[in-house]
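Have a look at the structure below before the remarks.
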2 protein chains.
Amino acid sequence: MQFSFRMPVAVQVLLCIAKFDGVFKTTSTFLASSVNVNPVIIRKTLGQLKAAGLVEVAAGVGGAKLVKEPCDITLKEIFGAVEDDEDLFHIQEHPNPQCPVGRNIHKVLGDKLSVIKNHMLEDFANITLEDLLEDIHNAEQSR
Amino acid sequence: MQFSFRMPVAVQVLLCIAKFDGVFKTTSTFLASSVNVNPVIIRKTLGQLKAAGLVEVAAGVGGAKLVKEPCDITLKEIFGAVEDDEDLFHIQEHPNPQCPVGRNIHKVLGDKLSVIKNHMLEDFANITLEDLLEDIHNAEQSR
DNA sequence: ACTCATTGTAAGTAATGGTATTACAATGAG
DNA sequence: CTCATTGTAATACCATTACTTACAATGAGT
């Protein structure tokens with residue numbers, strides 16, 4: 001059980017846009033060939049990133065660019081842009097209300113798990129696109 | 001996108017076993033009526049918890065009991081018992097190796113995300129079954 | 001030894017969600 | 001006006017989850 005492609009795809013898309021800004025026109029087809037998924041997936045992702053105010057996309061002429069600096073874009077924003085804001089875990093909605101465990105499980109476990117989800121989001125908030133660009137740069141240097 | 005029922009179900013099963021120890025025989029049918037899922041799901045879950053050394057199940061006569069004290073059972077163990085040990089996120093396996101982003105994304109993003117997953121597991125390790133039993137007890141008191 | 005509720009497990013079904021793909025109208029710079 | 005590209009809908013395919021039925025194996029109680 002794990003999260004879908006969406007967030008990693010969005011991250012890679014943004015990294016490519018940042019990396020190739022001014023060098024190549026970053027169309028959905030171009031980005032799709034880096035990620036190796038269908039261009040429609042990229043367009044959908046770009047739409048979500050645009051709605052979140054992270055990129056602007058040139059309809060018609062094509063290409064996307066960042067609205068904010070890489071140091072001002074965090075994984076938390078990216079995650080929020082492409083994933084629904086729902087609980088991390090799926091707790092059975094209709095437990096037995098006659099059972100003392102059943103009638104409290106949602107509140108008790110839900111509380112704990114939402115704290116943990118917030119921790120995860122905080123971790124995401126501490127990672128910026130610039131961090132990743134640097135890591136990639138370093139990885140390229142040591143080839 | 002979220003994790004499946006499995007972990008919350010396992011938690012509820014363990015809580016019921018602890019709560020009703022010596023009062024009711026905790027058969028799969030009994031547990032299933034608290035969680036409100038099919039008894040077969042409970043048996044499968046109990047099998048995983050047994051394999052993880054958290055419970056023992058009386059085949060034939062029926063019923064389950066804890067092998068360890070509630071204060072010694074953490075969410076991390078429960079999570080590990082019912083979920084595969086895989087990455088939190090699914091990073092595209094075949095990005096374009098000709099792209100500097102594509103050929104490094106797995107390492108760069110994977111590293112960051114595995115740190116975050118470990119944080120999550122640490123959070124899980126700090127929550128015991130006893131904590132949850134207490135929370136339920138308190139919730140019941142204030143009804 | 002027999003009984004019987006229960007576990008362990010397999011097999012099949014249904015529902016859900018993610019990804020891929022095709023198709024096409026709308027866009028907008030040149 | 002042209003044309004590559006975006007935005008979006010519709011569809012298909014596949015994997016996973018959860019549900020359900022079925023039945024042999026188990027083991028305490030009689």
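Please read these numbers as outputs of a predicted model, since none were measured by experiment. Each chain gets a letter, A, B and so on, in the order the sequences are listed, and its residues count up from 1.
- Ion pairing between a basic and an acidic side chain is recognised when a charged N comes within 4.0 Å of a carboxylate O; A:Lys117 and A:Asp85 show such pairing.
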(message) Dot-bracket for DNA chain C, please. Rules: Watson-Crick or G-U, both distances under 3.5 Å, ( ) within the strand, [ ] when a pair crosses earlier ones, | for another strand, . otherwise.
(response) ||||||||||||||||||||||||||||||

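- Nucleotide C:dT7 holds its P atom 7 Å from the NZ atom of B:Lys25, rounded to whole Å.
- Here the nucleotide nearest the side chain of A:Arg43, chosen from C:dA23, D:dC19, C:dT9, is C:dA23.
- Put simply, CG on A:Asp84 is 10 Å from P on C:dG17, counting in whole angstrom units.
- The separation between A:Leu46 atom CG and D:dT5 atom C1' is 12 Å, rounded to whole Å.
- Between B:Gln92 and B:Thr29, the residue anchored closer to the 5' end of DNA chain C is B:Thr29, taking for each the nucleotide with the nearest heavy atom.
- Put simply, A:Arg6 has a side-chain N or O that comes within less than 4.0 Å of OP1 or OP2 on C:dG18.
- For the pair A:Asn36 CG and C:dT19 P, the computed distance is 14 Å after rounding to whole Å.
- Closest heavy-atom contact between A:Cys16 and B:Val101: SG-CB, 3.8 Å.
- Of the two residues contacting DNA chain D, namely A:Val61 and A:Lys44, the nearest-nucleotide position lying further toward the 5' end is that of A:Val61.
- The closest donor-acceptor contact from the side chain of B:Lys50 to the backbone of B:Ala64 lies at 3.5 Å or more, if one exists at all.
- Classification of B:Lys112 and A:Asp135 as a salt-bridged pair holds, one side-chain N sitting under 4.0 Å from a carboxylate O.
- In this structure, B:Asn36 contributes its side chain and A:His94 its backbone to a donor-acceptor pair below 3.5 Å.
- Nearest heavy-atom pair, B:Gly110 versus B:Ile91, reported as atom, atom and distance to 0.1 Å: N-CD1, 3.8 Å.
- Of the residues in residues 49-60 of chain B, those placing a heavy atom less than 4.0 Å from an atom of DNA chain C are B:Lys50, B:Val57, B:Ala58, B:Ala59, B:Gly60, in numerical order.
- Considering only heavy atoms from C-beta on, A:Leu46 comes within 4.5 Å of A:Leu31 through its side chain.
- Considering only side-chain atoms of A:Val40, the nucleotide from D:dA28, C:dT22, D:dT21 that sits closest is C:dT22.
- Using modelled atom types, one side-chain atom of B:Gln12 and one backbone atom of B:Ser34 make a donor-acceptor pair closer than 3.5 Å.
- Within the structure, every side-chain polar atom (N or O) of A:Ser28 is placed at least 4.0 Å from both OP1 and OP2 of D:dT5.
- Rounded to whole Å, atom C1' of D:dC19 lies 13 Å from atom CD1 of B:Ile42.
- C:dG8 atom C1' lies 13 Å from atom CD of B:Gln48, rounded to whole Å.
- Atom pair B:His90:NE2 and C:dG18:P shows a separation of 12 Å (rounding to whole Å applied).
- B:Ile41 places its CD1 atom 13 Å from the C1' atom of C:dA14, with the value rounded to the nearest Å.
- Considering only the side chain of A:Asn38, C:dT21 comes nearest among D:dC19, C:dT21, D:dT6.
- Of all non-hydrogen atoms in A:Glu130 and A:Cys71, the two that sit nearest each other are OE1-CB, 2.8 Å.
- Among the protein residues, B:Gly47 comes within range of no part of the nucleic acid, since none of its heavy atoms lies under 4.0 Å from any strand.
- For A:Ser33 (side chain) and A:Phe30 (main-chain N/O), a donor-acceptor pair under 3.5 Å exists by modelled atom type.
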